[in-house]
Amino acid sequence: INEILDFYTNYWIEINTKVLKFVDVDYCFIWEDLAYRNGPIISPFMFRKFIFPFLKKFINSLKEIGVQNFIVDTDGNFEILIELFVKAGISGFEPFEVQAGMNIEKIRNLYPNLVIMGGIDKISIAKGKENIKKEINKVKRMLRKGRFIPTTDHAVPPDVSFENYCFFRNELRKIIK
């Protein structure tokens with residue numbers, strides 16, 4: 001496993017090093033799904049052993065050529081892995097799925113410098129204006145603390161009416177201005 005991970009880490013470092021000679025980027029986006037609704041599919045021990053050293057190597061190599069921000073897209077409840085991701089050099093995460101128990105206000109308090117993208121309950125948008133207003137209040141509190149990009153906690157499901165979605169977007173636009 002370590003040999004495979006080392007190969008892929010070096011492979012992605014080489015590709016990114018070549019590409020980044022020609023382009024500046026605001027952040028590196030890393031996609032993985034190490035968690036599901038009830039938690040990670042690997043333990044923190046396994047993360048430390050098999051993910052951490054390679055992720056840290058990858059991040060450090062890109063930092064050397066100017067990339068400063070690293071965002072991970074991960075689903076489910078990954079809360080117990082956040083500290084390890086941050087120690088490896090990750091700047092932020094998305095989508096912070098509410099239905100999986102990811103509470104962006106709690107995470108903000110634990111990690112004040114973490115970039116949080118998402119955390120708006122997509123299911124609440126389907127339930128109507130009162131539920132949308134509750135989500136908007138959460139967004140207001142998060143925006144005051146900074147390092148937050150308000151988006152839904154995953155793709156908007158088909159049961160969200162166009163009317164509800166427009167209401168949500170208009171309310172969001174008001175508080176962002």
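We use all heavy atoms of the structure for the numbers below, so side chains are in, but hydrogens, waters and symmetry mates are not.
Phe50 has its side chain out of reach of Ile42: every pair of non-hydrogen atoms, C-beta onward, lies at least 4.5 Å apart. A 4.5 Å side-chain heavy-atom check between Asp26 and Asn69 finds every atom pair outside the cut-off. Using a 4.5 Å heavy-atom threshold, the side chains of Met102 and Ile82 count as touching. A heavy-atom distance below 4.5 Å is not found between the side chains of Tyr111 and Arg147. Contact annotation: the side chain of Leu172 approaches that of Ile136 to within less than 4.5 Å [non-hydrogen atoms, C-beta and beyond]. Side chains of Ile30 and Phe58 form a contact here, defined as non-hydrogen atoms less than 4.5 Å apart. Within the 4.5 Å cutoff, the side chain of Asn10 has heavy atoms near those of the Lys57 side chain. Using a 4.5 Å heavy-atom cutoff, the side chains of Asn77 and Asn38 are not in contact.
Atom CD1 of residue Ile125 and atom CD of residue Glu135 lie 7.5 Å apart, to the nearest 0.5 angstrom. Note that the NZ atom of Lys133 and the NZ atom of Lys140 stand 9.5 Å from one another [nearest 0.5 Å]. Taking CG of Asp121 as the start and OG1 of Thr152 as the end, the distance is 9.5 Å to the nearest 0.5 Å. Rounding to the nearest 0.5 Å gives a distance of 8.0 Å between CZ of Arg108 and CG of Asn113. Taking CD1 of Ile123 as the reference point, atom CD of Gln99 lies at 3.5 Å (rounded to 0.5 Å). Rounded to the nearest 0.5 Å, atoms CD1 (Ile1) and CG (Leu5) are 7.0 Å apart.
Summarising the local packing, OH of Tyr27 is surrounded by 12 or fewer heavy atoms from other residues, nucleotides or ligands at distances under 6.0 Å. Within a 6.0 Å sphere centred on CG of Asn170, other residues, nucleotides and ligands contribute more than 12 heavy atoms. Sparse packing is recorded around CD of Glu14, with 12 or fewer heavy atoms of other residues, nucleotides or ligands lying under 6.0 Å away. Within 6.0 Å of the CD1 atom in Ile15, the count of heavy atoms belonging to other residues, nucleotides or ligands exceeds 12.
Listed by chain and residue number, nothing satisfies the salt bridge (Lys or Arg N to Asp or Glu O under 4.0 Å) test with Glu64 (two or more places apart in sequence, or in another chain). Lys87 meets the salt bridge (Lys or Arg N to Asp or Glu O under 4.0 Å) test with Glu83; sequence neighbours excluded. Under the side-chain hydrogen bond (donor to acceptor under 3.5 Å, both in side chains) criterion, Asn109 pairs with Lys145, not counting sequence neighbours. Evaluation of the salt bridge (Lys or Arg N to Asp or Glu O under 4.0 Å) rule for Lys106 yields Glu79 as partners, not counting sequence neighbours. Taking the salt bridge (Lys or Arg N to Asp or Glu O under 4.0 Å) definition, one finds that Glu105 meets it with Arg141, sequence neighbours left out.
The cluster map of Ile, Leu, Val, Met, Phe, Trp and Tyr, joined by side-chain heavy atoms under 4.5 Å apart, puts Ile176 and Phe167 in the same cluster. Tyr11 and Val19 fall within the same hydrophobic cluster, where Ile, Leu, Val, Met, Phe, Trp and Tyr residues are linked whenever their side-chain heavy atoms come under 4.5 Å apart, directly or through other members. Connection of Met142 to Met117 is not established within any shared hydrophobic cluster, with ILVMFWY side chains joined at heavy-atom distances below 4.5 Å, either directly or through further cluster members. Placement of Ile132 and Leu143 within a single hydrophobic cluster is found when ILVMFWY residues are connected by side-chain heavy-atom separations under 4.5 Å, directly or transitively. Linking Ile, Leu, Val, Met, Phe, Trp and Tyr residues whenever their side-chain heavy atoms come within less than 4.5 Å places Val23 and Leu62 in a single cluster.
Less than 6.0 angstrom separates the ring centroid of Phe47 from the ring centroid of Phe85. Residues Phe96 and Phe78 place their aromatic rings such that the two centres sit under 6.0 Å apart.
The backbone N or O of Val98 lies less than 3.5 Å from a partner atom in the side chain of Asp153, making a donor-acceptor pair. Judged by distance alone, with hydrogens and angles left aside, the side-chain atoms of Asn164 form no donor-acceptor pair with the main-chain N or O of Val160 at under 3.5 Å. Ser91 places no side-chain N or O within 3.5 Å of a backbone atom of Ile71 that could act as its donor or acceptor partner.
For Asp75 against Ala35, the heavy-atom pair with the smallest separation is O-CB, 3.2 Å. Between Ile90 and Val72, the closest heavy-atom pair is CD1-CG2, 3.3 Å. Contact between Lys122 and Pro157 at its shortest, heavy atoms only, is CB-CD, 3.8 Å. For the pair Ala88 and Leu55, the tightest heavy-atom approach, listed with the atom from each and the gap, is CB-CD2, 3.8 Å. Of all non-hydrogen atoms in Gly76 and Ala100, the two that sit nearest each other are C-CB, 3.6 Å. Heavy-atom minimum distance, Pro40 versus Leu81: CB-CD1, 3.6 Å.
Grouping Ile, Leu, Val, Met, Phe, Trp and Tyr by side-chain contacts under 4.5 Å, direct or through others, leaves Phe162 on its own.
Classification of the Tyr165-Phe168 ring pair by plane angle, with boundaries at 30° and 60°, yields tilted.
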Given Phe7 and Glu3, is the side chain to side chain contact (heavy atoms under 4.5 Å, CB included) satisfied, shown in steps?
CA-CA 6 Å; Phe7 170 82; Glu3 186 179 328; 5.9 Å; no
Could you walk me through whether Phe93 and Ile107 pass the side chain to side chain contact (heavy atoms under 4.5 Å, CB included) check?
CA-CA 11 Å; Phe93 298 92; Ile107 300 299; over 6 Å; no
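Ion pairing of Glu130 with Lys134 is absent here, as no side-chain N (NZ or NE/NH1/NH2) approaches a carboxylate O to less than 4.0 Å.
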